Amino acid sequence: MTSSALTLKTASGLSPKLMLCLAATWLVWGSTYLAIKLALTSLPPFLQMGSRFLVAGVLLAGWMRWRGVPWPSRRQWLHALVIGGLMLGGGMGGTATAEQTVGSGLVVAFIAVMPLMIAGLNLLWGEKPGRLESLGIAFGLVGVLLLTQGQGFGASPLGLVAISVACASWAVGSVLSQRVWPLAPGPMGFASEMLAGGAVLMGLSLANGEALPAHVEPQALWAWAYLVVFGSLVAFNAYMVLLAEASAGLASSYSFVNPVIAMLLGVTLAGEQISGHEWLAAGIVLVGVVLLLVGRARAPSR
């Protein structure tokens, strides 16, 4: 490691690799919610997500095999199926379903509660939150309750159910991948998760009778390609690196940056309408997440 990299790591407490991974999850994922909504103009939700992760998984696995990395073991493939089914099948499939009836800015604001859900799940392993963390959880829950009363969610009970399932599935998959069912080491493990999760999503697509339309709008195709390259190959792999090498709180910190980016993009580029009530609710959620993360930063190592 160079002297400049060492200085950077000392100043921030994070290696340059982890800082780049954080930037990818913060900035790239903030824009993917609008890309999902644009792709939905031609591509149904499960088909869109399943094809996206299958293509990304094939590309990444092919690259790893070309470099001589072995395939995951049978047990590691089973882990990939469970984690991929939760995080991609439930998490991303639910997100795409919700975005058919709920604005992308509101969806990602709801997802801001993710660190709170992960903190709750970690209680099962005896990892108790401190005072600031507990206060953050309280703020987050109040904010989400207010957010679900807004006009965007109130008009779409199905969207509310879908995004709730998505958040729960993603949080459970994230925690289990850290504590119970680890993937194969490195990018090959991430590729196996995308392949397994993509297969689950394609099965859901088939079960729901989805089909590729005769004509795909150019903007939908470009949005899908953006999701494959940046949403899956870049940001999703960055998130899995953070889960493997950093705390769950730090890995999920993307959720307090994403809402700001997604809401601004939704309003400026997609013409979405967000009420003052929903902005206030989202702000309360973000305060809760920031308190949670600050509390974890101050807590002694466990």
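Side-chain atoms are counted along with the backbone in the values below, which use heavy atoms only and exclude waters and symmetry mates. This one's a predicted model, so the numbers in the text were calculated from it and none came from an experiment.
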Go through the steps to decide whether V200 and L81 satisfy the test side-chain contact (heavy atoms from CB on, under 4.5 Å), and finish with yes or no. CA-CA 8 Å; V200 170; L81 180 60; 3.9 Å; yes

Any side-chain heavy-atom pair of P185 and Q76 under 4.5 Å: yes

Measuring from M240:CE to M194:CE, what's the distance to the nearest 0.5 Å? 9.5 Å

Is the closest side-chain heavy-atom distance between L43 and L212 below 4.5 Å? yes

Hey, quick one: are F230 and L242 part of the same hydrophobic cluster, counting side-chain heavy atoms closer than 4.5 Å, chains of contacts allowed? no

Quick one: which of T95, T101, T97 gives a side chain to side chain contact (heavy atoms under 4.5 Å, CB included) with I163? T95

Same cluster (ILVMFWY, side-chain, under 4.5 Å), V229 and V216: no

Could you walk me through whether R75 and W181 pass the side-chain contact (heavy atoms from CB on, under 4.5 Å) check? CA-CA 9 Å; R75 180 178 293 274; W181 292 310; over 6 Å; no

So which heavy atom on L88 is nearest to which on G198, and how close? CD1-N, 4.5 Å

Closer than 3.5 angstrom, by distance alone: can the side chain of T41 be matched with the main-chain N or O of L38 as a donor-acceptor pair? yes

Shared ILVMFWY cluster between L233 and L221, side chains joined below 4.5 angstrom? yes

Donor-acceptor contact below 3.5 Å, side chain S42 vs main chain E217: yes

May I ask you to decide if the ring planes of W29 and W170 are parallel, tilted or perpendicular, using 30° and 60° as cut-offs? perpendicular

How long is the gap from OG on S164 to CG on L160, to the nearest 0.5 Å? 4.5 Å

Kindly indicate whether the side chain of S31, heavy atoms from C-beta on, has any atom under 4.5 Å from the side chain of Y226. yes

Taking every non-hydrogen atom, the tightest pair across S174 and Y239: OG-OH, 2.7 Å

Search all heavy atoms of L204 against all heavy atoms of G89 and return the closest pair with its distance. CD1-O, 4.1 Å

Atom CG of L22 and atom CG of L27: how far apart are they, to the nearest 0.5 Å? 10.0 Å

Tell me the closest heavy-atom pair linking A223 and A35, and the distance in Å. CB-O, 3.4 Å

Result block: side-chain N/O donor-acceptor pairs under 3.5 angstrom for residues 44-68, not counting sequence neighbours:
residue : atom : partner : partner atom : Å
S51     : OG   : L47     : O            : 2.7
S51     : OG   : Q48     : O            : 3.1
S51     : OG   : W224    : NE1          : 3.0
R52     : NE   : L227    : O            : 3.4
R52     : NE   : S232    : OG           : 2.8
R65     : NH1  : V69     : O            : 3.0

Provide the closest heavy-atom pair for F139 versus I284 in the form atom of the first, atom of the second, distance. O-CG2, 3.3 Å

Using 0.5 Å steps for rounding, measure from the CE atom of M92 to the CZ atom of F236. 8.5 Å

Any chain of hydrophobic side-chain contacts (each under 4.5 Å) joining L20 to W26? no

Do V287 and L280 share a hydrophobic cluster, counting only Ile, Leu, Val, Met, Phe, Trp and Tyr and linking them when any side-chain heavy atoms are less than 4.5 Å apart? yes

